[in-house]
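In what follows, a structure is listed as structure tokens, so that the remarks can point back to it.
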Amino acid sequence: MATIGKTTCPYCGVGCGVNLSVPDSSMEAIPPVSGDVDHPANFGRLCVKGSSLAQTIQSDDRLLTPIVKGESVSWESAVDTVGEKIAQVVKDHGPDAFAFYLSGQILTEDYYVANKLAKGFIGTANVDTNSRLCMASAVVGYKRAFGSDTVPCNYEDLELCDLLIMVGSNAAWTHPILYQRIAEAKKQRPHMKIVVIDPRETATCDIADLHLAIKPGTDAAVFSFLLHHSVQAGVLDNGFISRHTNGFKAALEQANESTPTLFSAANFCGISEQDFMQLASWWNETPKAVTFYSQGINQSSSGVDKCNAIINCHLATGRIGKEGAGPFSITGQPNAMGGREVGGLANQLAAHMDFATPGAHQLVQTFWQAPNMATENGLKAVDLFQAMEEGKVKVVWIMSTNPMVSLPDTDQVRRALEKCELVIVSDCKAHTDTTEMADVLFPATGWSEKDGTVTNSERRISRQRGLLPAPGDAKHDWWAICEVAKRLGYQSAFSYKSVHEIFVEHAALSTFENNGKRDFDIGHFSQMTKEEYDALIPVQWPVPKGQPEGTARMFENGRFFTPDGRAKFIPITPVLPVHTSTPEWPFTLNTGRVRDQWHTMTRTGDAALLTKHTDQPYVEIHPKDAKHLKIEDKALVSITSPYGEALLKAKVSRAVSPGNVFAPIHWTRQFSNAAVVSKLIPQVVDPLSGQPESKHAQVKLEAVNGVSYGVIVSSTPLELLDFIYWCLVPSEQGYHYEVVCSVEKNKNVTSILSLFNQREQSNGQWLEYNNPNTQQTRLAHIYRNILTAVVYIHPKPEFISCDWLVSKLAEGETLSESDRMAILVGTPANVEDKGTIVCSCFQVGSKQIEKSIKEGVGSVEELGARLKCGTNCGSCLPELKHFIPIITELTV
Ligand SMILES: Nc1nc2c(c(=O)[nH]1)N[C@H]1C(S)=C(S)[C@@H](COP(=O)(O)OP(=O)(O)OC[C@H]3O[C@@H](n4cnc5c(=O)[nH]c(N)nc54)[C@H](O)[C@@H]3O)O[C@H]1N2
Ligand SMILES: Nc1nc2c(c(=O)[nH]1)N[C@H]1C(S)=C(S)[C@@H](COP(=O)(O)OP(=O)(O)OC[C@H]3O[C@@H](n4cnc5c(=O)[nH]c(N)nc54)[C@H](O)[C@@H]3O)O[C@H]1N2
Ligand code: SF4
Ligand SMILES: [Mo]
């Protein structure tokens, strides 16, 4: 009998509750997880990433021991090495020669001790995180307006509002359970209007009443115009403005000046005046309005201004601190919020205090009894890696992030890490683009093993629980930090025995000399017992003493955390991205996420099921541009910027507008030879937040001609160095590669054969099948009647469903005569070719859906009844709708 533990999903900032069954014996497989019906984020639902978590737990590529300079060593020895080096560089070069580069995926307790060690004990504020690439602009936007980094809204507001403006968010794929809650609310209350603002047509547009496909980077003009239009429309809340805000006049004047007319605003944004007016009239009519924004706003050289342009509109109309109203920045990572709470950014101190706040660093110093308190801001992520390349930062400890893939201009990141004297990487995985650069590797426990708290997008603190044992010598991140701290001589301040002790201290700091001055106060937990901590039910902060139920919504009393308690309007001038297209670099590259992958695929890449929806890295390009550049759908494309090159498959689609291309961020060098798109992104950042402009880079595209396309399925891994392109597509058995090679057939066959090991060369037999008509070559290797490899090469890019081939690699699968033929000719007649997988939960493919529609199925519900697609997590519903033919009556 398995026991069931409640924990929180390690993926997105929705923060869904998950039930994980723990088998009695480690020999048993982990059963599929289910959604926690009691968790107020998801009420039992999970998206496809969440529901396939069990399949990602037992990975073959776990980092199991500490490693120093390539050798496995004991923790004792690894920690000694690190402690000695940090002590030496701090002595010789000062504390700022050390830096942490952390992640919104570590737990609050990990974050708290890292921040305390660096800022209070080593004496440097060089503690930055991947949240710099993600949330930094939203943080500064809130702080400028409210005096604090406070998310005003909650998830219910998304269901209660009558107008939801989704800006720069593809929530259907990136916050799927919230999206489903929104879709359900709209179904219940059809008058609710949804507007999506995104240069791209995304799955999120599926529930939109209006999609504004603005020119990249022009959002501030939308909200600038809405601000002064609100005056003309008479929808200002003058009482709120005068009682609770400052600076309205200046912001309004600036808005008038920068977007004086509807024409000028629409023109700047590249949309029609009618569409713009539609948004404006819904805005005017609808007091219950929420603006929901994410990376299309934050990842910009003027991201902070865009956030404030949004907030200005809400302040002007008093649409904040009320049910169904407010500017709602949605967080990406599971604990981006927790990191902000502990002060885990280089320009924060601790517990929502800043270096700039008078008395703050003395307060924290007193509380921590810190011997070497940092007193000034440290280096933000991009500056940090630049300082590393300049030799100023000599030791970096990277924890739970993969900067070789996610920071802009990854060639610069490589140079920085090469220059750095000691690169320490704490990760769960042995092989990532960043672990390859490490001098010291610390094996970390991961989700299901580690214990602590996370905070989701609506300020809700939930427990992630350590339910499974740590593999090998993997240890918790907080433990490794405390061990290093002890080596540096700080025994008593880092003698925690459990995460409970850390959390209680964090709670005590949040309430220390607070008295309502700071928004972040979880004083109620400062006395909690270990039993209470273990039983913690999800709760929204602030949770001050005497208010155990937490706080659902902020600013209900119109009081803000500025010195005079009033919110601030910020004058905004809309500007374009720093790099726009030029004749030499004619395209704007937009980057983002796909539905079933998470970041650098270190977890989702372990679940074969999740790779079926999008199996390879791609670049989305408009048909007009594709035609002009002679780029065919699915063909290989070279995409270059002034910083580097990537090789991606073309996805010809009207979802992007001409002159714009989109590429997902997930594929790393572990999965493909040249698909890291951050390589192309310049290190251009917002001057206030330091957040990179990852959504807008200049590039050019070129078709890769004179090549053949193919697939290789093999029971052993292969080194595909001679190929122009390869991509490893994770599969149930063996290794499935999509490849592109030069057209010389004989050379190809010889070089392909040379890839296989000795056993395959000398034993067993190679069968070859050539079809001169189609110019296809097919090779199969059979050893003792068991299939060990298949190679298909064809002149054009083609989709080949490899599931059946891969299944034939399974151990013990002996081949029949008909199998042999089928392998060479193609998939056998009795196996259905499903096409590309649309519904990951039930593995339903495009061809099955098309067939059902031809047979008369006319709705998503009927498709679900017949094929089950869309009936589990619902993530594929937006795509399923696209298969349903729309019949409209023509008016003649
Ligand atoms: N499946 C999946 N879900 C995830 C993640 C994942 O890796 N995979 N990661 C999580 C994380 S950490 C984050 S931060 C979130 C991100 O969540 P989102 O922000 O929703 O995701 P992105 O795909 O990065 O970008 C959102 C949209 O911004 C649009 N955009 C680009 N430029 C502009 C612009 O100038 N203006 C406007 N209005 N829009 C623009 C893009 O076209 C894109 O559709 O997702 C979280 N959820
Ligand atoms: N071009 C472009 N670049 C972007 C973005 C974009 O939209 N476009 N988005 C940006 C955003 S919003 C984000 S959030 C980043 C994400 O980018 P990254 O943070 O670089 O990506 P992840 O794959 O999440 O990296 C997490 C790493 O931590 C490891 N890990 C997981 N759990 C643990 C743990 O508990 N402890 C330790 N020690 N390790 C662990 C994983 O194995 C993995 O190697 O990318 C940013 N970069
Ligand atoms: S929406 Fe999906 S990925 Fe996000 S927390 Fe919920 S189950 Fe996890
Ligand atoms: Mo993120």
Side-chain angles (χ1 to χ4, degrees), residues 8-16 18 35 41-42 45-51 53 103-107 110 130-131 133-135 167-171 173-180 196-200 202 204 212 214-219 222 293-300 306 330-334 336 398-408 425-429 432 434-435 442 444-447 449-450 456 476-477 480 577 589-604 656 662-666 668 677-678 680-681 692 694-697 873 875:
T8 311
C9 177
Y11 296 122
C12 81
V14 179
C16 297
V18 173
N42 58 320
R45 279 171 281 202
L46 292 177
C47 76
V48 62
K49 292 187 298 303
S51 55
L53 269 168
S103 160
Q105 293 169 74
I106 55 175
L107 308 183
D110 300 322
N130 63 359
S131 295
L133 320 176
C134 178
M135 296 313 311
V167 200
S169 154
N170 183 14
W173 284 8
T174 55
H175 296 95
I177 294 303
L178 271 190
Y179 174 85
Q180 285 177 33
V196 171
I197 305 182
D198 193 314
R200 239 171 19 118
T202 64
T204 304
L212 300 181
I214 58 168
K215 276 198 264 186
T218 60
D219 303 79
V222 174
Y293 53 102
S294 188
Q295 298 316 331
I297 288 292
N298 297 343
Q299 289 174 342
S300 150
K306 288 175 187 169
I330 194 85
T331 48
Q333 297 182 87
I398 298 169
M399 182 175 283
S400 196
T401 177
N402 201 348
M404 284 290 294
V405 186
S406 52
L407 272 174
V425 177
S426 293
D427 208 292
C428 314
K429 285 297 181 94
T432 74
T434 304
T435 60
F442 283 150
T445 50
W447 182 80
E449 299 145 10
K450 62 190 301 180
N456 74 1
H476 304 314
D477 289 316
L589 169 67
N590 171 8
T591 60
R593 287 144 175 89
V594 301
R595 194 189 77 190
D596 292 0
Q597 289 304 337
W598 177 260
H599 293 174
T600 69
M601 294 171 66
T602 53
R603 184 183 292 282
T604 43
V656 287
F662 172 83
I665 58 172
H666 308 288
T668 69
V677 297
S678 296
L680 310 173
I681 310 281
S694 311
K695 293 271 181 277
H696 318 296
C873 81
S875 301

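Every heavy atom of this structure was used, including side-chain atoms; hydrogens, water molecules and symmetry mates were not. Counting starts at 1 for both ligands and their atoms, in listed order.
Arg603 does not count as a contact of ligand 2, since none of its heavy atoms falls under 4.0 Å from the ligand. Ligand 2 lies out of reach of Val405, whose nearest heavy atom is not under 4.0 Å from it. For Thr445, the closest heavy-atom approach to ligand 2 falls below 4.0 Å. Heavy atoms of Phe442 come nearer than 4.0 angstrom to ligand 2 in no pair at all. Contact annotation: Ser103 has no heavy atom less than 4.0 Å from any atom of ligand 2. Within the 4.0 Å heavy-atom shell around ligand 3 one does not find Asn42. The closest approach between Cys428 and ligand 2 falls below 4.0 Å for a heavy atom of the residue. Not close to ligand 2: Met135, with no non-hydrogen atom less than 4.0 angstrom away.
Between Phe662 and ligand 1, no pair of N/O atoms sits closer than 3.5 Å. Note: no N/O pair closer than 3.5 Å links Gln295 and ligand 2 by distance alone. Of the N or O atoms in Lys450, one or more lie within a sub-3.5 Å distance of an N or O in ligand 2. Remark: ligand 1 and Thr218 share no N or O pair separated by less than 3.5 Å (distance only, no angle test). At least one N/O-N/O distance between Gln105 and ligand 2 falls below 3.5 Å.
Using a 4.0 Å cut-off to heavy atoms of Cys12, the atoms of ligand 1 that qualify are 47 (N). The atoms of ligand 2 that sit less than 4.0 Å from any heavy atom of Lys695 are 7 (O). For ligand 2, the atoms lying closer than 4.0 Å to a non-hydrogen atom of Ser426 are 37 (C), 38 (N), 39 (N). Per-residue contacts place Val167 under 4.0 angstrom from the following atoms of ligand 1 (heavy atoms of the residue considered): 38 (N). Those atoms of ligand 1 with a heavy atom of Asn590 less than 4.0 angstrom away are 31 (C), 41 (C), 42 (O). Heavy-atom contacts of Gln333 reach the following atoms of ligand 1: 12 (S) (cutoff under 4.0 Å). In the vicinity of Trp173, heavy-atom distances shorter than 4.0 Å reach the ligand 1 atoms 1 (N), 2 (C), 3 (N). Of all the atoms in ligand 2, the ones that sit under 4.0 Å from a non-hydrogen atom of Ser678 are 1 (N), 2 (C), 3 (N). For ligand 1 and Gly296, the ligand atoms under 4.0 Å from any heavy atom of the residue are 28 (O), 30 (N), 33 (C), 34 (C), 35 (O), 36 (N), 37 (C), 39 (N), 40 (C). In summary, the atoms of ligand 3 found under 4.0 Å from a heavy atom of Pro176, numbered by their order in the structure, are 1 (S). Which parts of ligand 1 touch Asp219 is read off a 4.0 Å heavy-atom cut-off, strictly below it: atoms 34 (C), 35 (O), 36 (N), 37 (C), 38 (N). Residue-ligand proximity, Thr202 to ligand 1, at heavy-atom distances under 4.0 Å covers atoms 44 (O). The ligand atoms of ligand 2 that sit less than 4.0 angstrom from a heavy atom of Trp598 are 24 (O). When each atom of ligand 3 is checked for a heavy atom of Ile177 under 4.0 Å away, the hits are 1 (S), 6 (Fe). For ligand 2, the atoms closer than 4.0 angstrom to any heavy atom of Ala444 are 36 (N), 37 (C), 38 (N).
Shortest contact from atom 1 (N) of ligand 2 to any protein heavy atom: Thr591 OG1, 3.2 Å. Looking from atom 36 (N) of ligand 2 to the surrounding protein, the closest heavy atom is Asp477 OD2, 2.7 Å. In this structure, atom 42 (O) of ligand 2 lies nearest to the protein heavy atom Asp427 OD1, 2.6 Å. Shortest contact from atom 13 (C) of ligand 1 to any protein heavy atom: Gly332 CA, 3.2 Å. For atom 23 (O) of ligand 2, the closest heavy atom belonging to the protein is Thr600 OG1, 2.5 Å. The protein atom (non-hydrogen) at minimum distance from atom 35 (O) of ligand 1 is Gly217 N, 2.6 Å. Looking only at heavy atoms of the protein, atom 20 (O) of ligand 2 is closest to Ser406 OG, 2.6 Å. Nearest non-hydrogen protein atom to atom 18 (P) of ligand 1 is Ser294 OG, 3.5 Å. Ranking the protein heavy atoms by distance from atom 44 (O) of ligand 1 puts Asp198 OD2, 2.6 Å first. Given atom 32 (N) of ligand 1, the protein heavy atom at minimum distance is His696 CE1, 3.5 Å. When only non-hydrogen protein atoms are considered, atom 5 (C) of ligand 2 lies nearest to Gln299 NE2, 3.4 Å. The nearest heavy-atom contact from the protein to atom 40 (C) of ligand 2 is Ser400 OG, 3.1 Å.
The nearest non-hydrogen atom to atom 3 (N) of ligand 1, considering only Thr174, Ile197, Val48, Val656, comes from Thr174. For atom 25 (O) of ligand 2, the choice among Thr668, Thr401, Thr602, Asn130 with the nearest heavy atom turns out to be Thr401. Considering only non-hydrogen atoms, atom 26 (C) of ligand 1 lies nearest to Gly168 out of Gly168, Gly592, Cys134, Pro199. Around atom 22 (P) of ligand 2, the closest heavy atom drawn from His599, Met399, Glu449, Lys429 belongs to His599.
Side-chain contact check for Pro176 versus Ser875: some heavy-atom pair is nearer than 4.5 Å. Taking 4.5 Å as the limit, some side-chain heavy atom of Arg200 sits within range of a side-chain heavy atom of Asn590. When side chains are defined from C-beta on, Lys49 does not count as touching Gln597, because their heavy atoms never get closer than 4.5 Å.
Under 3.5 Å, the side chains of Asn130 and Gln333 contain a donor-acceptor pair of N or O atoms. Inspection of the Asn402 and Thr434 side chains reveals an N or O donor paired with an N or O acceptor under 3.5 Å. In this model, a donor atom of one side chain and an acceptor atom of the other lie less than 3.5 Å apart for Ser300 and Lys306.
Counting heavy atoms closer than 4.0 Å to ligand 1, residue Val594 contributes backbone atoms (N, CA, C, O) but none from C-beta onward. Of all the heavy atoms of Tyr11, none lies under 4.0 Å from any atom of ligand 1, so neither backbone nor side chain is involved. The side chain of Cys9, and not its backbone, has at least one atom closer than 4.0 Å to an atom of ligand 3 (non-hydrogen atoms only; side chain from C-beta on). When non-hydrogen atoms are compared, ligand 1 lies under 4.0 Å from the backbone of Gln597 (N, CA, C, O) but not from its side chain. Both the backbone and the side chain of Arg593 come within contact range of ligand 1, each with a heavy atom under 4.0 Å.
Put simply, the side chain of Thr604 never gets that close to the backbone of Met601: no donor and acceptor are under 3.5 Å apart.
Residue side and main chain included, Cys12 places an N/O/S atom under 2.8 Å of atom 4 (Fe) of ligand 3. At a cut-off of 2.8 Å, His175 does not coordinate atom 2 (Fe) of ligand 3 through any N, O or S atom.
Closest non-hydrogen pair, Asn298 versus Cys134, comes out as ND2-O, 3.0 Å.
The distance from the CG atom of Leu107 to the NZ atom of Lys450 is 4.5 Å, given to the nearest 0.5 Å.
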